[in-house]
Protein chains: 2
Amino acid sequence: MAKPTLRDVATVAGVSVGTVSYALNGKGRVDPDTRERIRRIAAELGYSADPVARGLRSGRTATLGMALGTVVGQRRDDILSFEWYGRVTTAAAQAAFEAEHGLLLVPAVHDAGQLRRMAFDGLIVVEPGEGDPRLAAIAGLGIPAVALGRDSTGRIAHQVAPDTDAVVAGLLDHLAAQGATRIVALAPDMPWEWAERSIIAYRRWCATRGVQPDAVRVPPPAQLSACTMSESARTAALAVLRDDPPDAILALCLGFGVGVLAAARELGLRVPHDLLLAQDSDEPALHTTDPPITAVDLFPESQARTAVTTLLELLRGAHPASELNTPTELRARASSQQRHG
Amino acid sequence: MAKPTLRDVATVAGVSVGTVSYALNGKGRVDPDTRERIRRIAAELGYSADPVARGLRSGRTATLGMALGTVVGQRRDDILSFEWYGRVTTAAAQAAFEAEHGLLLVPAVHDAGQLRRMAFDGLIVVEPGEGDPRLAAIAGLGIPAVALGRDSTGRIAHQVAPDTDAVVAGLLDHLAAQGATRIVALAPDMPWEWAERSIIAYRRWCATRGVQPDAVRVPPPAQLSACTMSESARTAALAVLRDDPPDAILALCLGFGVGVLAAARELGLRVPHDLLLAQDSDEPALHTTDPPITAVDLFPESQARTAVTTLLELLRGAHPASELNTPTELRARASSQQRHG
DNA sequence: TTGTAGGCGTTATCAG
DNA sequence: CTGATAACGCCTACAA
């Protein structure tokens, strides 16, 4: 009744354990007939190699860790988009599974000892931040790691992320094509790598076009949730739109687009008639606003799959590219469609 | 440089491996001084028990599996709310971690053999459906399982879910209190346990109040995503609202509220003035509609934590309650607030 | 072609 | 109180 082992199969087949092992996993060595017989018996018994024993023997657990950005503790209101997490984790689990690996979810920990308790061959670090305490812990582990999102400190050699520059430039091109001449960028005042990058990309685009950049840093709320972020953006947008309003706003953070739309409505500005609006990363809430808000799909599934395959390559001893860009796609919606001829 | 083992610690401390093991994990048996010395040396060397070896020896992996409802394959457009998944998985990982366990994400598989490849002590089955192929595979595993969401087939003995009846009754009470006299319920025409339960709860509530129930089953779209569900609900709502419109609609599925709101707008019905609207489960999109839509927070984090603790109790040999209800909370928003004095 | 034996790191048992 | 030893299940080098 208990799970059959190699021994059980060997006993039934009348051969030694070694032969069974070779028959099931080895290349040649075993007589084809014997192999077939053993295979059949193994299948009949429902034999399947114990992953733990195999792991001890091989030093591999066939498991990848995914270090979430979640803080350790009861309250976890510091995640901007659980939707993004859901898409990333399910896609990563799926990709790992297809490569015969498991995916272990690891909460954010700062202690290498806590990580050692968990068994995995490599680690995907989700959105490492500047001065992220996870990085030190991971360095002490001595296992391959891949960052999902960029790591400015360079502590993680391999990074998978969407091409922020292309995303920002694409949105600005789109807004300009719709008639925008003065585009204000709204970015969170946080030490997030993509936020910095977005601002730089915005400035560069403005320089190329010979227009004056106007990047507003939005002070972050105490708790980082979609709601509070929208609220912060609303306040900042009210100030921007009150005097000398631009003809377009580029929201560079989840939740910002919704906040800007609320501010515009309060001031009697109509989107897209009086103000064009777009956000860098797409989210479900942008579909249901009135008007729906233009944004870029960053394909979290694609990011997750790339991170998984990159990590697997590292484990195989290969040398994948150290920076991998994942695809993105602009979703033009009513908020940025100028209706004039 | 390599990870130190018990042997290394034993060598340095000048004792046997067994003594080191007992010093670090055992109760008494070891001389306090020796124990302290071994502890110090282990810490200095950065020793930490190998989870795989410990697993082989103990038969426990200190890992919980979470079987997602995701279909195996590239396309995964059959998930209604990734936000819900994100909240559930991160919370479960956190809860497991706090109990010194890992959380392994398992894609939906129908083959017990595939599951055997992964190492976990128990399994949380997310939203088991009627005729769910996962259930057969899990049954063949012979390990404890807990359902997150109800399992109508009773194949999983322990279930954790919000109290659907209370949710529906609470919403109906709320709508009635706001002046609704004829409430139509919109439910998906799918074999989902909570959908059936919701309808039954609705009928029971109507019977108690002595009013005629009017439950409309919405045919499901080909692909189950938030967008397509909204679209289906919109179509169904148009039919309902066109002739003899009720004064309230209760949307009993993610995405439905948004669809109903769109239908009402098309027909020139104003929410909440001409039509009250509420949905059973909350989602971010409901905050940003105009007006925002009333819904019930089902606290996925709470469900996840309860599922984890229940599974851990089963593993400890305890006998937890077979049906556990998790808390819920009505979030009254503008869509259901009658403005009349 | 097949059997034997050793060892991965940990823990339990038994002897000292 | 401590040391030696066996066993968990698997893989593989070596011997037959």
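Heavy atoms only: backbone and side chains are in, while hydrogens, waters and symmetry mates are out. Just so we're clear, the structure is a prediction, and the values are computed from it rather than from any experiment. All chains are named by letter (A, B, ...) in the order of the sequence lines, taking the proteins before the strands, and each is independently numbered beginning at 1.
- Residues from residues 40-52 of chain A lying near DNA chain C, meaning a heavy-atom separation below 4.0 Å, are absent.
- With sequence neighbours excluded, the residues that form a salt bridge (Lys or Arg N to Asp or Glu O under 4.0 Å) with R40(B) are E44(B).
- Every residue two or more places apart in sequence or in another chain that forms a side-chain hydrogen bond (donor to acceptor under 3.5 Å, both in side chains) with N325(A) is listed here: R150(A).
- Nucleic acid contact class of S58(A) (heavy atoms, under 4.0 Å, all strands): none.
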(message) Does E98(B) form a salt bridge (Lys or Arg N to Asp or Glu O under 4.0 Å) with R305(B)? I'd like the steps, not just the answer.
(response) CA-CA 10 Å; E98(B) 285 165 15; R305(B) 295 196 93 90; 2.5 Å; yes

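- The distance from the CG atom of L105(B) to the CG atom of L104(A) is 9.0 Å, given to the nearest 0.5 Å.
- Across all strands shown, S21(A) has heavy atoms under 4.0 Å from base atoms, whether or not it also approaches the sugar-phosphate.
- Contacts of D50(A) classified as side-chain hydrogen bond (donor to acceptor under 3.5 Å, both in side chains), with partners at least two apart in sequence or in another chain: none.
- If you take CG on L68(B) and CZ on F97(A), they are separated by 11.5 Å, rounding to the nearest 0.5 Å.
- The footprint of chain A on DNA chain D, defined by a heavy-atom cutoff below 4.0 Å, extends from dG9(D) to dC14(D).
- To the nearest 0.5 angstrom, S58(A) atom OG is 7.5 Å from D121(A) atom CG.
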Do any side-chain atoms of residues 11-18 of chain B form donor-acceptor pairs under 3.5 angstrom with protein atoms, and if so which ones, sequence neighbours left out?
from: T11(B); atom 1: OG1; to: R7(B); atom 2: O; distance (Å): 2.7
from: S16(B); atom 1: OG; to: T19(B); atom 2: N; distance (Å): 3.4
from: S16(B); atom 1: OG; to: T19(B); atom 2: OG1; distance (Å): 3.2

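- E313(A) pairs by the side-chain hydrogen bond (donor to acceptor under 3.5 Å, both in side chains) definition with nothing, not counting sequence neighbours.
- Each of R57(B) and T5(A) was matched to the nucleotide of DNA chain D holding its nearest heavy atom; the match closer to the 5' end belongs to R57(B).
- Every salt bridge (Lys or Arg N to Asp or Glu O under 4.0 Å) that R117(B) has, sequence neighbours left out, goes to E100(A).
- At distances below 3.5 Å, at least one donor-acceptor pair connects side-chain atoms of T309(B) with backbone N or O atoms of T306(B).
- Taking the 5' to 3' direction, DNA chain C first and last meets chain A under 4.0 angstrom from a heavy atom at dT1(C) to dG9(C).
- Remark: M66(B) CE to L103(A) CG distance equals 13.0 Å, nearest 0.5 Å.
- Of the two residues contacting DNA chain D, namely L56(B) and T34(B), the nearest-nucleotide position lying further toward the 5' end is that of T34(B).
- Residues L298(A) and Q303(A) have side chains in contact (heavy-atom distance under 4.5 Å, counting atoms from C-beta outward).
- Each end of the helix from dT1(C)-dA16(D) to dG16(C)-dC1(D) gets its own rotation axis from five pairs of C1' atoms, and the angle between them is 50° to the nearest 10 degrees.
- Of the residues in residues 11-19 of chain A, those placing a heavy atom less than 4.0 Å from an atom of DNA chain C are V15(A), S16(A), G18(A), T19(A), in numerical order.
- Contact record, S21(A) with L6(A): CB-CD1, 4.0 Å, taken as the closest heavy-atom pair.
- Partners of W84(B) by ring-ring contact (aromatic ring centres under 6.0 Å, His included), not counting sequence neighbours: none found.
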